[in-house]
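Written below as structure tokens is the structure these notes are about.
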Protein chains: 2
Amino acid sequence: MQRMQICPRFERAVEILSKRWTTLIVYQLLEGPQRFVAIENSLTNLSSKVLSERLKELEEEGIIERTVYPEKPVRIEYALTSKGQELAPLMEQISEWSTKWIELPSESDDLQSDKSKTE
Amino acid sequence: MQRMQICPRFERAVEILSKRWTTLIVYQLLEGPQRFVAIENSLTNLSSKVLSERLKELEEEGIIERTVYPEKPVRIEYALTSKGQELAPLMEQISEWSTKWIELPSESDDLQSDKSKTE
DNA sequence: ATTTTCACTTACTTTATGTAACCTATAATA
DNA sequence: TATTATAGGTTACATAAAGTAAGTGAAAAT
């Protein structure tokens, strides 16, 4: 009666990637190495608390690398490793699927909902 | 100073897919339409509570479809819609990436950790 | 008559995430 | 010189999401 179990590697990958913010952080880093505040500013509503947690997790997973440049005030950059870079095709699939299937509330809808508050 | 914002469709897709269990449920349904208990049994540690929540969410998103077959005792099946089926290439990418980059604790490691409890 | 299966739901606990303030160091501004 | 700003975080507390366990109702098998 039991069906074939899901591949444990697949399960692990999903476990890593589907924590909140993780995929978006990786996606953002596909643009190139970035500093803490740059990532923070690019992702609306992501707090520094969770960002620092996620960066640590991603580093432990070998998906990103943290580099300290010992300049006048130190500069710290986060960059994808090869393991991280190779998530690009996956991101591309999310992108394609979302382009085809996700519809956004239009700006006129937003105006509607603003109006509805006063109704 | 602000960099380009992440595409809102991409963000939405990630929001939908990265809730816990969601991706695994969709992956499981790629095998074909399935009943509640079949999905439940295929995903270790997924409780009926969360499964029923996720199925409702996925149905609202138009990713799965719930069909009631009015047999002697009714049979209820969950199946992917086209929107859901077209997540297959994404799943394939997760699968490829995980095959290349995820290493699993071997069974001997498991024995190790069992031993370590008694040390 | 009792137990089992399916498809869930409810009450309660634990974990994860969000919010806001704070910290240390350096640098820029008044 | 004193104040404010920026980078890269951490801490304490509040809320939301997920896990756990038990229960429900209808039908079916034992």
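Chain letters run A, B, ... following the sequence lines, proteins first and then strands; every chain starts at 1.
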Below 4.0 angstrom, N of the basic side chain to O of the carboxylate: do B:Arg12 and B:Glu15 qualify? yes

Whole-Å gap separating P (D:dA18) and NZ (A:Lys19): 12 Å

Kindly say if B:Arg35 contacts the phosphate of C:dA7, meaning a side-chain N or O under 4.0 Å from OP1 or OP2. yes

Is there a donor-acceptor contact under 3.5 Å from the side chain of A:Gln34 to the main chain of A:Gly32? yes

B:Ile39 CD1 - C:dC6 P separation (whole Å): 13 Å

Looking at B:Ile63, is its backbone amide N or carbonyl O close enough to the side chain of B:Thr81 to form a donor-acceptor pair, meaning the two atoms are under 3.5 Å apart? yes

Contact check, residues 44-62 of chain B vs DNA chain C, heavy-atom distance under 4.0 Å, returns B:Ser48, B:Lys49, B:Ser52, B:Lys56

Tell me yes or no: between the side chains of A:Trp101 and B:Glu86, is some donor less than 3.5 Å from an acceptor? yes

Measure from CD on B:Glu40 to P on C:dC8 and round the result to the nearest Å. 11 Å

Spell out, as yes or no, whether a donor-acceptor pair under 3.5 Å connects the side chain of B:Ser95 to the backbone of B:Met91. no

Provide, to the nearest angstrom, the distance between the CD1 atom belonging to A:Ile25 and the C1' atom belonging to C:dT17. 13 Å

note: A:Arg20, atom CZ; C:dT19, atom C1'; distance rounded to Å ~ 14 Å

Check the distance between C:dT15's C1' and B:Trp21's CH2 and give it to me in whole angstrom. 15 Å

Do the side chains of B:Leu80 and B:Tyr69 join up, straight or via other hydrophobic residues, at under 4.5 Å, putting them in one cluster? no

Please work out which residues in residues 65-73 of chain B have a non-hydrogen atom less than 4.0 Å from an atom of DNA chain C and list them by number. B:Arg66

Integer-rounded Å distance: C:dA25 C1' and A:Arg75 CZ: 17 Å

Just checking A:Glu103: does its CD atom have more than 12 heavy atoms from other residues, nucleotides or ligands closer to it than 6.0 angstrom? no

Is the shortest distance from a Lys or Arg side-chain nitrogen in B:Glu53 or B:Lys56 to a carboxylate oxygen in the other one below 4.0 Å? no

What's the CG-P distance between B:Leu43 and D:dG19, to the nearest Å? 11 Å

Decide whether A:Val37 and A:Ile64 are clustered together by the hydrophobic rule: side chain heavy atoms of Ile, Leu, Val, Met, Phe, Trp, Tyr closer than 4.5 Å, transitively. no

